[in-house]
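Computation of the quantities below employed the complete heavy-atom set of this structure, encompassing side-chain atoms and omitting hydrogens, waters and symmetry-equivalent molecules.
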Amino acid sequence: MTITTSTIQTSHGDIAYRETSGTGTAVLLIHGNSSSGAVFRNQMNGPLGERYRIIAPDLPGHGASSDAIDPKRSYSMEGYADAMTEFLGLLGIEKAIVFGWSLGGHIGLEMIDRYPGLLGLMITGTPPVSAAEVGLGFKPSEHMGLAGKEDFSDADVEAYARSTCGEPFESFLLDTVARTDGRARRLMFESFAAGTGRDQSAIVGGPTPPIAVLNGLDEPFVNTEFVANVTYSNLWEGKAHELDNSGHAPFWDAPDRFDPIFARFLESVDDRA
């Protein structure tokens, strides 16, 4: 199994992405704020990458992708969703399963109405909130202040990188946070606070493909009790899944327990497609 890296031009900017040599259904992995597709290394390098065509792009303003051509257009949940939908179209992918982490989960929810080929969505670290529910879905923390801060000091870079991924900590996580276009944080947070995207609690309560929800019980930023009690119209296996001894990024800090659940979800969606 090999992983290739490529770049494709979009109306939002050049998007860099990693892709496995698996020949199964396409699986799009969308990273979180100030991260990159590199964070999905464990899933891409393992059996899932061998079976599925896993694609992990860097969002505009992140990783090896270019900064957005029009920051105000691209740096929002709905802007990123438009970029990811265009990205899949340019790759000729008519159907895909999507996994979204944190901001990536919000992007995945915004893609439901934009990408008709979305077969299923798993979200992690993503409370599906309306603008009025932000204070219920998220826990007050230093991280939430940093999430929308444009200019990062070295201390901010370290704090953000360590708090979002947890252990094991690797130096490339610092480089990824430091590289991010600070306007992406500020503009995304401003648009989110202004409620420019859709009411995501309404999205999950309406017509959707299967939605899987999985969070770490040690989640430092998201109120997992709120997430578990949201009304979902098509919640996979009828419950929100939770992993003990895991934080904001269970695919990173507990891949041995995350991957089997993710594989089960992929198989169940594949069987229905």
- Query: Shortest non-hydrogen contact from Gly37 to Asp58?
  - Reply: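 Looking at all heavy atoms of both residues, the closest pair is N-OD1, 2.8 Å.
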
- Task: Could you note down all residue pairs passing salt bridge (Lys or Arg N to Asp or Glu O under 4.0 Å) where residues 208-232 supplies at least one of them, sequence neighbours left out?
- Result: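 Those involving residues 208-232 do not exist here.
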
- Any pair counted as salt bridge (Lys or Arg N to Asp or Glu O under 4.0 Å), so long as it reaches residues 199-209, sequence neighbours left out: none

Distance-only donor-acceptor check, side chains [X] and [Y], under 3.5 Å:
{"X": "Ser153", "Y": "Asp156", "result": "yes"}
{"X": "Arg185", "Y": "Ser34", "result": "yes"}
{"X": "Thr224", "Y": "Asn215", "result": "no"}

- Does Asp253 reach the side chain of Glu167, with side-chain heavy atoms less than 4.5 Å apart?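 Result no, sub-4.5 Å side-chain heavy-atom pair not found.
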
- Considering only heavy atoms from C-beta outward, does the side chain of Met77 approach that of Leu103 to under 4.5 Å? yes

- Message: Check Asp67 with Arg179, please: is the shortest side-chain N to carboxylate O separation under 4.0 Å?
- Response: yes

- Query: Does Arg53 have any salt bridge (charged side-chain N to carboxylate O under 4.0 Å, His left out) partners at least two apart in sequence or in another chain, and if so, which?
  - Reply: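 Expected list: Glu19.
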
- Identify, with sequence neighbours excluded, every residue that meets ring-ring contact (aromatic ring centres under 6.0 Å, His included) alongside Phe258.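 Phe258 satisfies ring-ring contact (aromatic ring centres under 6.0 Å, His included) with Phe99, Phe262 once adjacent residues are dropped.
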
- State which residues pass side chain to side chain contact (heavy atoms under 4.5 Å, CB included) with Asp70; sequence neighbours excluded, sorted by chain then number. Lys72, Arg73

- Message: Listing request: all ring-ring contact (aromatic ring centres under 6.0 Å, His included) pairs with a residue in residues 183-209, at least two apart in sequence or in separate chains.
- Response: His106-Phe192

- Message: Please determine whether side chain to side chain contact (heavy atoms under 4.5 Å, CB included) holds for the pair His248 and Trp101, giving the CA-CA distance in whole Å, both sets of side-chain angles, and the decisive distance to 0.1 Å.
- Response: CA-CA 9 Å; His248 189 54; Trp101 168 47; 3.6 Å; yes

